[in-house]
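Predicted model only: the values in this text are computed from it and were never measured. In what follows, residues are counted from 1 in the order of the sequence shown.
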Amino acid sequence: MSPAEAAVAPAPSITPVFVRLKLSLLRNGLHQSSGRKAAYIASVVAALLMAALQLLGLIALRGNEHAATVSILLTAILALGWAVFPLFFPSGDETLDPTRLVMLPLRPRPLVRALLVASLVGIGPLFTLCLALGSVVSLAHGAAALVTGILAIALTVLICVALARTVAAANIRLLTSRKGRDLAVLSGLVIAVGAQVVNFGAQRLGSSGLSQLDPARDVVRWIPPASAIGAVDSVSEGSYAVGVAQLALSCAALAGLLALWQRSLTRLMTTPDGSTLAAAEPTKERSTHGLGRLLPAGRTGTVMERSLRYVWRDPKTKAAWVTSLAIGLIVPLFNALQGTGSIYFACFAAGMLGVLMYNQFGQDTSAFWMVAMTISSAHDAYVELRGRALALLVITLPYATLVTVITAAVLGDWPVLPEGLGLSLALLGAMLATGAWSSARFPYSIPQEGYKNVAPGQAGLAWISIFGGMVAAALLCAPVLAFTIWLHVAGGADWSWVLLPLGGAYGALITYCGLRLAAPRVARRLPEILLAVSKG
């Protein structure tokens, strides 16, 4: 070949290279450890089983009057999952990070094409394919609808994959940073809220039927990629113009996503990293105002500020708080909305946040040695524990009160508010007391990397610390609970308001006693605690 011919010869396609690269990443990942291989195989089997059941279920809906509603809404929900997956699980797929290709001499357009094809290799695309296939089988009636269905399957899978890639490329600088990875803690909130929403929706559908979802279907059928599945239903009913419009809308959405994806890749490959630019800027002088001004002086305020900063900055601590706050509100609220709740469910708020008092020193990990150097007596240990408990109360007390008020409002039973709040305060005090003692008696390490919350070999300590402490807290609450039962049995419900000051006073007293009993043990066992929390 002459030099002139070589100059005009088209460049070889990089798509097969990226497909082989994706397969190699999957294969090499399985070779890392037998545990990872077992987890991957189990996830594949579970996904395939769910996909098969979903496919059979959709095929069984063929001819049913609600088949279109189920298929269209399921497609929309699946597309939403593809959109949020990169935000909550940025490390779930290593190939989602295009910054690893920045130094390679690749142009954005062929790179988009290669990544799109390579993205079709995996469990997620196969699951999406099964859903699209089942939806088309349940809706397609006639040759025209069958042809439309083939196009709809391809558009649905491609839009879902392109959507995930576009979201990842647009946010990859954030997601791969330290602060960006903290977004993953929201997954606990989303999962908790989503599970309760699905449960609530399932109960409503069970009593009212699928017909109440028809208005939502009429809207969602025009939102890609659900519009592609809606086109199959429209063509099956003879509305060819509507079906063509819905297919055109899906094609336009796919083209728009690919354009946005290409634009994001171009920006990533031609602009410097924002973190590098930030490092070159002059350092701002740290402000001495803010949270510290609102806290007590001395060691107590220092400990409170450190604990509250952990809540805001440490990913593991933040994840625990977000999950506890979400579940503490969701359980009483959704039960009240369903008509099966009571004011006693509001104690979930105090209970979930009270658990955060357990393993206080393990949250510091190896940095606990700096705290240990400042503890030379039981008094120092008491002040340290008191500061940590007060930091937790700064958030827990108003939150537990708010949840109790909301629960009483939804139930429409305001007279039980003092009773519920009093029990919540007593439970919170008992958990703070047992949490302080458990932190001194059964400390364990929390690994900073990965998703594990207990270091290897310390699972038994964690179980004893948390569940043993919760049982002890329940026993400590027995006097207040017994008094509550006696009031109702003896016909003294009009005096239930007494439980509010009684529960608050009892909770404060039991917290004080728990901190006082735990402080000498902390002072004596400092070397053992330091060794236990530093293992991770």
Side-chain angles (χ1 to χ4, degrees), residues 185-197 199-200 307-308 310-312 314-338 340-360 362-363 388-408 410-411 417 420-439 446 451 453-454 462-477 480-481 503-504 507 510-511 514:
V185 305
L186 295 178
S187 60
L189 176 61
V190 172
I191 292 172
V193 173
Q196 290 296 327
V197 169
N199 180 38
F200 182 65
S307 299
L308 292 174
Y310 276 167
V311 174
W312 182 251
D314 180 62
K316 287 292 182 70
T317 306
K318 186 187 296 184
W321 273 92
V322 168
T323 304
S324 298
L325 289 170
I327 297 177
L329 175 62
I330 289 170
V331 170
L333 180 59
F334 274 71
N335 278 279
L337 289 172
Q338 294 173 14
T340 58
S342 92
I343 195 64
Y344 301 114
F345 279 99
C347 294
F348 262 93
M352 290 300 302
L353 295 182
V355 171
L356 300 176
M357 185 63 186
Y358 292 82
N359 196 36
Q360 277 290 309
Q363 298 175 11
R388 293 172 183 254
L390 289 175
L392 193 145
L393 287 172
V394 166
I395 301 175
T396 304
L397 273 179
Y399 181 77
T401 303
L402 178 63
V403 171
T404 308
V405 171
I406 292 175
T407 304
V410 174
L411 292 173
L417 176 59
L421 187 54
L423 289 173
S424 293
L425 296 178
L427 175 62
L428 178 60
M431 298 200 73
L432 291 178
T434 55
W437 188 87
S438 180
S439 297
I446 301 177
Y451 297 99
N453 291 318
V454 182
W463 281 91
I464 295 175
S465 173
I466 296 176
F467 290 98
M470 291 173 66
V471 171
L475 294 176
L476 289 176
C477 287
V480 179
L481 186 60
I510 204 69
T511 299

Task: Criterion side chain to side chain contact (heavy atoms under 4.5 Å, CB included) against C477, the qualifying member of L423, I510, L427 - done: L427
On a heavy-atom basis, which atom in [X] and which in [Y] lie closest, and how many Å separate them?
{"X": "G469", "Y": "T434", "result": "O-OG1, 3.5 Å"}
{"X": "C347", "Y": "G420", "result": "SG-O, 4.4 Å"}
{"X": "V480", "Y": "A426", "result": "CG2-CB, 4.0 Å"}
{"X": "M431", "Y": "A473", "result": "CG-CB, 3.9 Å"}
{"X": "V403", "Y": "P332", "result": "CG1-CG, 3.7 Å"}
{"X": "L425", "Y": "G504", "result": "CD1-CA, 3.9 Å"}

When you compare the side chain of [Y] with that of [X], does any pair of heavy atoms fall below 4.5 Å?
{"X": "N335", "Y": "V331", "value": "yes"}
{"X": "I395", "Y": "L308", "value": "yes"}
{"X": "S324", "Y": "V355", "value": "no"}
{"X": "F345", "Y": "S342", "value": "yes"}

Open item on the list: Under the rule for side chain to side chain donor-acceptor pair (under 3.5 Å), what residues qualify as partners of T317, not counting sequence neighbours?
Closed with: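 If we apply the side chain to side chain donor-acceptor pair (under 3.5 Å) test to T317, skipping adjacent residues, the hits are D314.
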From [atom1] ([X]) to [atom2] ([Y]), nearest 0.5 Å:
{"X": "L397", "Y": "L402", "atom1": "CG", "atom2": "CG", "answer": "12.5 Å"}
{"X": "W321", "Y": "W312", "atom1": "CH2", "atom2": "CH2", "answer": "13.5 Å"}
{"X": "I327", "Y": "L353", "atom1": "CD1", "atom2": "CG", "answer": "10.5 Å"}
{"X": "L428", "Y": "M357", "atom1": "CG", "atom2": "CE", "answer": "10.0 Å"}
{"X": "Y310", "Y": "R388", "atom1": "OH", "atom2": "CZ", "answer": "7.5 Å"}
{"X": "L329", "Y": "M352", "atom1": "CG", "atom2": "CE", "answer": "12.0 Å"}

Task: Whether Q363 side chain and S307 backbone form a donor-acceptor pair below 3.5 Å - done: no
Open item on the list: Check whether K318 reaches the backbone of V311 with its side chain - one donor and one acceptor, N or O, closer than 3.5 Å.
Closed with: no
Open item on the list: Please enumerate all residues that pass side-chain contact (heavy atoms from CB on, under 4.5 Å) together with A336, with sequence neighbours excluded.
Closed with: V410, L411
Task: Stepwise side-chain contact (heavy atoms from CB on, under 4.5 Å) check, F348 with L333 - done: CA-CA 10 Å; F348 262 93; L333 180 59; over 6 Å; no
Task: Pairs where residues 390-407 contributes a residue and the test side chain to side chain donor-acceptor pair (under 3.5 Å) is met, not counting sequence neighbours - done: none
